[in-house]
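One-based numbering, in listed order, for ligands and for the atoms of each. All values below were derived from every heavy atom in this structure, side-chain atoms included, with hydrogens, water molecules and symmetry-related copies excluded.
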Amino acid sequence: MIQLKLQVLQTRDWFLSLTSLLLLSSGFLTTPSLFVSASGIPPRIQHDLGHFLSPTALIVLPGSPRYAELAVRWQDGGRPNYGVIVVPATSKDVSESIKYANAHGIPFLAQSGGHGSWYGMSKLQDGMGIWMHNLSKVEVSHDGKSATLGGGLYVDDVIRELWAVGKQTTTGTCNCVGAVSPGLGGGHGFLQGQVGLATDQIISAQVVLADGRLVTVSDRSNQDLHWGLRGAGHNFGIVTEMQYKVYDATAKPEWSYEFFTFRGDQLEALYSLTNRMMRYQPAEVIHWSRWFKNMTVDPENAIIQYSITFNGPIDALNAYNRPIHALNPVDSFSGTTDYPGLAVVNGYTVDGYLCANGKGALSLYPIIVDDYDMPGTRKMYDLYNKMLHTVDAFAAGSFVLLEGYSWQAMQAVAAESTAYPHRDQRLLLSPLINFADVKNRTLATLATYWGEAMRTAGFGSNKRRSYVNYAKGSESLQSMYGYEPWRLQKLRQLKKKYDPTEQFGFFAPIK
Ligand SMILES: Cc1cc2nc3c(=O)[nH]c(=O)nc-3n(C[C@H](O)[C@H](O)[C@H](O)COP(=O)(O)OP(=O)(O)OC[C@H]3O[C@@H](n4cnc5c(N)ncnc54)[C@H](O)[C@@H]3O)c2cc1C
Ligand SMILES: *[C@@H]1O[C@H](CO)[C@@H](O)[C@H](O)[C@H]1NC(C)=O
Ligand SMILES: *[C@@H]1O[C@H](CO)[C@@H](O)[C@H](O)[C@H]1NC(C)=O
Ligand SMILES: *[C@@H]1O[C@H](CO)[C@@H](O)[C@H](O)[C@H]1NC(C)=O
């Protein structure tokens with residue numbers, strides 16, 4: 001006990017200095033936001049900005065009944081504070097809003113799905129929230145090979161509307177998450193092994209830059225930004241619309257799945273088997289697992305819920321899964337569905353538990369690795385159990401997510417052709433710590449302590465790489481944007497060119 005307290009104290013000091021370091025290095029001190037007081041939003045904004053916006057756009061101030069509804073986010077930790085929320089109806093509305101914000105020294109931030117977990121978003125104080133969800137066009141092109149997608153869509157909109165016309169494409173897997181922002185940092189999903197990451201689908205985009213200019217970004221226009229948008233996109237502008245690759249959904253419509261329950265003592269057997277299966281894992285197969293408490297199965301330690309998702313018939317899945325059955329799981333069940341049904345099977349529908357807003361404070365400690373480091377994975381599991389036993393407040397909502405998507409189409413895209421830097425790595429492991437009382441600093445410090453300890457364990461002997469869309473704020477730039485020196489060099493040049501005053505400084509900013 002005493003030893004733990006000591007560790008926590010040290011961690012707290014470390015955390016506090018880290019926080020001030022992050023503040024200093026974030027550009028906070030050089031952006032106009034510092035000069036905006038608590039009453040920084042001009043009282044005449046509705047009249048003055050409203051004059052330039054389209055008739056269906058809205059300008060919502062705190063105190064208005066719409067405000068609370070629009071300001072809702074998935075979690076309460078790291079929330080930005082909006083002195084005003086603008087709901088644009090067109091790209092031009094976004095452009096006018098940014099010009100107005102710049103003229104009045106108001107910091108601004110786009111919000112689409114409201115799931116971003118970068119804690120630096122809370123540095124936006126008394127700012128302008130640009131609420132994107134009304135930019136919701138889904139329009140398939142005549143040749144059926146692409147679609148125009150609005151900048152504020154949710155994953156659910158894209159899956160549903162494309163499915164209705166026999167199409168599908170890579171999006172995130174959770175239906176309430178924004179459809180655009182995941183792709184700006186990579187974008188992992190069930191189809192990535194077959195057609196590539198979300199970011200690989202972006203043919204062109206309409207982007208409003210830091211100065212309010214609306215530009216087209218593609219391989220012919222602002223080509224350098226097309227590179228940067230695909231992996232570091234949050235840094236350069238607000239995407240109001242994009243032309244996105246879509247695919248025939250009728251050729252291979254059948255999906256099958258199987259869920260297994262294992263106890264923790266099977267961890268080594270299970271994940272070394274996974275490493276072996278990854279040598280022949282087809283593009284149609286996804287290995288996922290989650291660690292959480294199920295008192296019925298194991299009152300002491302977390303269970304391992306392991307799942308295989310397969311774009312194909314169930315008898316082929318059964319054959320593939322034979323070695324997993326040979327490990328004697330506690331329990332298993334299987335079934336078939338279609339592509340939109342995957343969200344139902346995984347509990348990722350908009351009305352499901354995972355999508356419910358108001359999750360208290362929540363932080364992920366993402367790990368990207370080539371394969372499972374066995375001693376590291378064991379250590380991460382043991383730490384997770386120790387944490388659940390030590391901090392009651394973390395027990396209800398914390399879990400560990402281990403995502404093993406297929407990679408074939410992701411790796412078919414040349415690594416240097418986009419800003420997404422982790423194409424060689426296939427696993428995405430994420431301890432996730434959740435607690436209700438957002439204001440409790442002790443819990444925040446404890447979460448950082450346990451989260452970073454689990455993360456360090458999970459990396460094992462691997463280089464520290466993190467998925468920018470899961471990142472919390474303590475990650476190095478190299479770990480999110482790549483270790484090759486030319487990558488950061490190129491990103492810094494782009495930042496200087498397209499966002500010289502660091503207006504886009506609230507989400508994984510390039511420095
Ligand atoms: C439950 C859950 C499930 C997830 N599942 C997946 C998954 O399957 N695959 C995956 O890759 N990631 C996934 N993520 C991570 C996800 O990519 C990030 O959380 C992402 O930031 C969420 O985008 P959002 O629009 O919902 O969030 P927001 O908080 O609205 O936006 C996040 C950031 O993007 C910026 N932004 C929003 N809209 C735009 C725009 N139109 N143009 C430019 N910038 C914009 C915001 O200003 C902010 O900085 C998941 C996250 C959660 C919480
Ligand atoms: C979205 O736009 C429509 C009109 O196109 C408008 O009626 C509606 O109020 C807008 N939604 C929000 C949340 O402002
Ligand atoms: C725990 O596991 C048992 C057996 O697999 C299952 O029936 C039950 O639904 C699980 N409980 C929870 C809360 O997941
Ligand atoms: C914060 O959480 C800790 C650990 O659960 C608890 O001991 C403490 O009383 C809480 N503090 C406040 C102010 O609620």
Nearest atoms (heavy-atom pairs only) where Gly189 meets Tyr405: O-CD2, 3.5 Å
Shortest non-hydrogen separation from His422 to Ser466 and the atoms involved: NE2-O, 3.1 Å
Shortest non-hydrogen contact from Glu475 toward Pro366: OE2-CD, 3.8 Å
Ring geometry between His115 and Trp74 (parallel below 30°, tilted from 30 to 60°, perpendicular above 60°): parallel
Exercise check, heavy-atom protein proximity under 4.0 Å to atom 14 (O) of ligand 3: yes
Shortest protein heavy-atom distance from atom 38 (N) of ligand 1, along with the residue and atom involved: Ser112 OG, 2.7 Å
Close N or O approach (Thr261, ligand 3; < 3.5 Å): no
Tyr470 versus Glu403, side-chain donor and acceptor atoms under 3.5 Å: yes
Ligand-residue contact atoms, ligand 1 with Met132, heavy atoms, under 4.0 Å: 41 (N)
Any protein heavy atom < 4.0 Å from atom 9 (O) of ligand 4: no
Aromatic plane relationship, Tyr381 with Trp291 - under 30° parallel, 30 to 60° tilted, over 60° perpendicular: perpendicular
Aromatic centroids of His133 and Tyr154 separated by under 6.0 Å: yes
For atom 9 (N) of ligand 1, the option (of Arg79, His133, His188) bearing the nearest heavy atom: His188
Aromatic ring proximity, centroids under 6.0 angstrom, Phe506 and His234: no
For atom 27 (O) of ligand 1, closest protein heavy-atom neighbour: His115 N, 3.0 Å
Protein heavy atom at shortest distance from atom 18 (C) of ligand 1: Asn469 O, 3.5 Å
Pair Asn102, Gln503: side-chain N/O donor-acceptor within cut-off below 3.5 Å: yes
Shortest non-hydrogen separation from Gly228 to Leu494 and the atoms involved: CA-CD1, 3.8 Å
Ala508 heavy atom under 4.0 Å from ligand 1: no
Which residue and heavy atom of the protein sit nearest atom 45 (C) of ligand 1, plus the separation: Ala110 CB, 4.0 Å
Val180 N/O to ligand 1 N/O under 3.5 Å: no
Identity of the nearest option to atom 44 (N) of ligand 1, non-hydrogen atoms only, from Val177, Leu184, Leu428: Leu184
Geometric class of the Phe507/Trp118 ring pair [parallel <30°, tilted 30-60°, perpendicular >60°]: tilted
Subset of ligand 1 atoms that lie under 4.0 Å from at least one heavy atom of Phe507: 21 (O), 33 (C), 48 (C), 49 (O)
Enumerated ligand 1 atoms positioned under 4.0 Å from heavy atoms of Thr173: 7 (C), 8 (O)
Lys359 to Tyr353, cation-pi by 6.0 Å centre distance and 45° axis angle: yes
Heavy-atom nearest neighbour in the protein, as seen from atom 35 (C) of ligand 1, with distance rounded to 0.1 Å: His234 CD2, 3.9 Å
Element-labelled atoms of ligand 3 that are located less than 4.0 Å from some non-hydrogen atom of Asn294: 1 (C), 2 (O), 3 (C), 8 (C), 10 (C), 11 (N), 12 (C), 14 (O)
Protein contact of atom 28 (P) of ligand 1 - nearest heavy atom, named by residue and atom, plus distance: Gly114 N, 3.4 Å
Nitrogen or oxygen atoms of Ile238 and ligand 1 under 3.5 Å apart: no
Donor on one side chain, acceptor on other, Thr240 and Gln206, under 3.5 Å: no
Nearest heavy-atom neighbours spanning Leu229 and Thr199: O-OG1, 4.5 Å
Residue and atom name of the nearest protein heavy atom (relative to atom 26 (O) of ligand 1), distance in Å to one decimal: Gly178 N, 2.9 Å
Ligand 1 atoms in contact with Gln111 (distance to a heavy atom under 4.0 Å): 30 (O)
Taking every non-hydrogen atom, the tightest pair across Gln111 and Tyr82: OE1-OH, 2.7 Å
Nearest-contact summary for atom 5 (N) of ligand 1 - protein heavy atom, Å: Cys174 CB, 4.0 Å
Modelled atom types, side-chain donor and acceptor of Gln411 and Arg426, under 3.5 Å: no
Criterion salt bridge (Lys or Arg N to Asp or Glu O under 4.0 Å) against Asp200, the qualifying member of Arg230, Arg423, Lys245: Arg423
Contact partition for Ser181 relative to ligand 1, non-hydrogen atoms under 4.0 Å: side chain
Gly186 touching ligand 1 at heavy-atom level, < 4.0 angstrom: no
Identity of the nearest option to atom 41 (N) of ligand 1, non-hydrogen atoms only, from Thr199, Val239, Asn175: Val239
Where ligand 1 meets Gly172 - atom numbers and elements under 4.0 angstrom, heavy-atom basis: 7 (C), 8 (O), 9 (N)
Option whose closest heavy atom lies nearest to atom 6 (C) of ligand 1, chosen from Phe108, Tyr470, Phe504, Phe190: Tyr470
Check: Asn440 N/O within less than 3.5 Å of ligand 4 N/O: yes
Proximity of Trp74 to ligand 1 by residue part, where a heavy atom lies under 4.0 Å: side chain
Sub-4.0 Å atoms of ligand 3 with respect to non-hydrogen atoms of Asp331: 4 (C), 5 (O)
Atom 4 (C) of ligand 4 [closest protein heavy-atom partner, distance rounded to 0.1 Å]: Leu443 CD2, 3.8 Å
Ligand-residue contact atoms, ligand 1 with Arg73, heavy atoms, under 4.0 Å: 29 (O)
4.0 Å heavy-atom contact, Tyr467 with ligand 1: yes
Atoms in ligand 1 with a heavy atom of Leu109 nearer than 4.0 Å: 47 (O), 49 (O)
Those atoms of ligand 1 less than 4.0 Å from some heavy atom in Leu354: 1 (C)
Output field: ring centroids Phe504/Phe108 closer than 6.0 Å: yes
Gap between atom CE of Met410 and atom OH of Tyr420 - 0.5 Å precision: 6.0 Å
